[in-house]
Amino acid sequence: MNKVRTRIAPSPTGDPHVGTAYIALFNRCFAHQHGGEFVLRIEDTDQQRSTDKSEQDILSSLKWLGLTWDEGPGCEGDFGPYRQSERSDIYSDHIQQLLENGSAFRCFCTPERLDELRAQQMQDKSQPGYDGHCLSLSQSECENKCAADEPHVIRMKIPGSGECEFEDMLRGGVSIAWSQIDMQVLIKSDGMPTYHFANVVDDHLMEISHVIRGEEWINSTPKHILLYQHFGWEAPAFCHMPLLRNPDKSKLSKRKNPTSIRYYEAMGYLPEALLNYLGMMGWTMPSGEEKFSLSEMEASFDISRVSLGGPIFDIEKLDWLNGKYIREELTDEEFTKRFAAWAFAPEKVAQIVPLLKQRVERFSDVASLGGFFIDGSLEISEASFAHKTIDSAQSAKILQFTLWKLEALEQLDRDAVEVELHALAAKFELKIRDFLFPLFVALSGKAVSTSVIESILILGIDIARARIRQAILVLGGISKKQAKALEKEFCNF
RNA sequence: GUCCCCUUCGUCUAGUGGCCUAGGACACCGGGUUUUCAUCCCGGCAACAGGGGUUCGAAACCCCUAGGGGACGCCA
């Protein structure tokens with residue numbers, strides 16, 4: 001058997017997600033269990049959404065958890081570069097091969113035509129997908145369009161009939177009809193490869209032997225297998241892990257649950273506890289022991305022990321485990337050190353001090369005024385939101401709208417938040433001080449507090465989001481029906 | 001809508017045809033220890049989705065039904 005090599009391939013388009021860490025953990029364990037290597041590759045082919053900041057966040061979050069990689073950015077091996085945006089030449093060479101051997105074709109259809117096509121297919125309740133329009137273009141038509149610089153994409157050809165059968169390491173045989181598979185775009189009109197194409201090319205060139213990824217990819221596996229065939233390459237083994245779930249069983253999402261690794265860091269979870277918790281999602285030690293370190297997991301890892309039901313990410317059990325780690329693994333000295341490093345991180349203190357200094361008369365005022373910066377959840381009740389003109393329903397609405405605004409914000413900076421909040425207050429026809437009142441309470445637990453905007457920035461979007469959501473719940477919550485109506489109103493704002 | 005995957009206590013799970021009257025952990029409820037609380041200890045509650053096969057024997061294998069989830073983008 002060839003050397004085992006696995007990879008995690010995050011896309012730097014948002015917060016570092018616990019799901020990424022989850023899949024990374026299993027990839028790392030599998031590789032190391034077999035004396036192989038674990039590779040990190042950045043899939044930044046989406047030029048619109050990829051950011052350097054997100055990449056940095058993902059890398060540092062994985063490191064924080066101890067999920068270091070044997071090869072990847074900052075740890076160059078023989079298969080670099082490890083960032084897809086730096087591999088353009090490789091993709092253009094390879095797409096040329098497919099164009100030449102007839103397994104891919106140029107498509108000049110406009111996005112408008114494709115939207116229309118899809119809308120029609122949806123209406124007819126048929127399987128949405130490309131209709132093969134440009135397949136019938138003659139060679140000369142195609143050349144003329146290219147010469148005229150007409151924007152186009154490159155798509156892969158799909159067998160007209162039959163089934164794609166493949167082995168999943170956990171599920172056994174899976175078969176999907178080729179008729180279900182779309183003629184996937186491989187190269188976008190901006191010249192960048194799509195995930196499907198870059199992923200296959202890179203996995204092959206980086207000699208990835210086992211692709212361990214989320215269940216959401218099962219349905220596109222035939223596309224990948226077909227690409228390996230088009231190139232004449234041997235496909236790796238595939239293994240699809242169950243998806244982490246919200247308490248309502250849907251795929252874990254930030255709208256329903258904190259998903260950012262940063263959130264768990266900011267809430268004061270120990271990385272080793274969070275990692276251990278992720279390890280017990282769908283997996284158990286052969287001994288049955290629930291508390292285990294990364295090296296223990298790697299030593300006893302056995303992928304066949306993965307269970308297939310999608311596990312619910314249960315914060316209560318994580319809390320228990322984290323407490324267990326604090327009690328059993330930290331000496332008083334270590335606790336002191338780690339708590340201080342967490343609570344009094346210099347960058348954080350530097351931001352908080354100016355806000356507190358002007359509002360305190362004695363140091364002994366600091367804890368009650370600034371305590372909410374290190375508190376986890378706040379003790380608030382509906383009564384905390386009592387206000388002379390704003391009732392509970394109105395408060396909940398203000399909080400919900402603010403939450404949506406914050407979620408929509410590309411980047412969290414002072415000015416942007418200020419502009420948005422003022423705009424919202426105006427729409428509500430409220431004075432900014434009245435409008436901000438529920439936010440003060442939601443974020444700090446008190447009616448009197450440091451600046452809301454600064455507080456959001458210091459707390460971080462993840463904690464702010466969680467607190468606002470909690471406050472809405474305390475205020476009686478918002479039913480699905482109400483949420484729908486509100487969302488409509490929000491869009492019209 | 002079409003296709004794919006999944007299904008054991010509320011939750012995470014053990015279980016690979018007889019050790020199953022289904023085990024452990026979280027949560028919850030009792031009790032003990034503790035000046036309170038927490039920790040810790042002891043006890044309790046609680047599940048094989050339903051139906052049909054195969055078998056001497058099914059939680060486990062097969063089929064059907066139901067439920068849940070996912071995928072169907074010039075996002076990944």
OP1 or OP2 of A76(B) under 4.0 Å from side-chain N/O of Thr45(A):
yes

Taking atom P of A76(B) as reference, at what distance in whole Å does atom NE2 of His196(A) sit?
7 Å

Using the closest heavy atom to pick a nucleotide of RNA chain B for each, name whichever of Trp320(A) or Met280(A) lands nearer the 5' end.
Met280(A)

Between Thr194(A) and Lys251(A), who's closer to the 5' end of RNA chain B by nearest nucleotide?
Lys251(A)

Base of A25(B) paired with side chain of Lys317(A) (donor-acceptor, under 3.5 Å):
yes

Give me the distance, rounded to whole Å, that separates G18(B) from A58(B) when you measure between the C1' atoms they each carry.
10 Å

Using atom NZ of Lys223(A) as one end and atom C1' of A76(B) as the other, report the distance to the nearest whole Å.
12 Å

Looking only at atom types and distance, does a side-chain atom of Lys157(A) sit under 3.5 Å from a main-chain N or O of Leu135(A), one as donor and one as acceptor?
no

U33(B) and C41(B), which share atom name C1', separated by this distance in whole Å:
8 Å

Using a strict threshold of under 4.0 Å (side-chain N to carboxylate O), is an ion pair present between Arg255(A) and Glu487(A)?
yes

Distance check: side-chain N/O of Thr284(A) vs OP1/OP2 of A14(B), anything under 4.0 Å?
yes

Taking any heavy-atom pair under 4.0 Å as a contact, classify Cys164(A): base, sugar-phosphate, or nothing.
nothing

Between Trp64(A) and Leu274(A), what is the shortest heavy-atom contact and its length?
CZ3-CD2, 4.1 Å

Checking all strands, does Leu321(A) fall into the base, sugar-phosphate, or nothing category for heavy-atom contacts under 4.0 angstrom?
nothing

At under 4.0 Å between heavy atoms, which parts of nucleotides 2-10 of chain B does protein reach? Answer with one letter per nucleotide, 5' to 3': B base, S sugar-phosphate only, - none.
BBSSS----

Round to the nearest Å and state the distance from Asn246(A) atom CG to G70(B) atom C1'.
14 Å

Take atom CG of Asp248(A) and atom C1' of U11(B), then tell me their distance rounded to the nearest Å.
14 Å

Gap in Å between the two C1' atoms, one belonging to C5(B) and one to C9(B), rounded
24 Å

By salt bridge (charged side-chain N to carboxylate O under 4.0 Å, His left out) - contacts of Arg467(A) (at least two apart)
none

Would the distance check show the side chain of Asp302(A) and the main-chain N or O of Ser304(A) forming a donor-acceptor pair, the cut-off being under 3.5 Å?
yes

Within the structure, does a side-chain N or O atom of Lys188(A) lie under 4.0 Å from either OP1 or OP2 of A76(B)?
yes

Value for CD (Glu329(A)) from CD (Glu334(A)), rounded to nearest 0.5 Å, stands at 9.0 Å

Just to confirm, is there a sub-4.0 Å distance from OP1 or OP2 of G73(B) to any side-chain nitrogen or oxygen of Arg49(A)?
no

So, Arg41(A) and Glu43(A), do they make that salt bridge, N to O below 4.0 Å?
yes

Considering only atom C1', compute the distance from C74(B) to U16(B) and round it to an integer number of Å.
46 Å

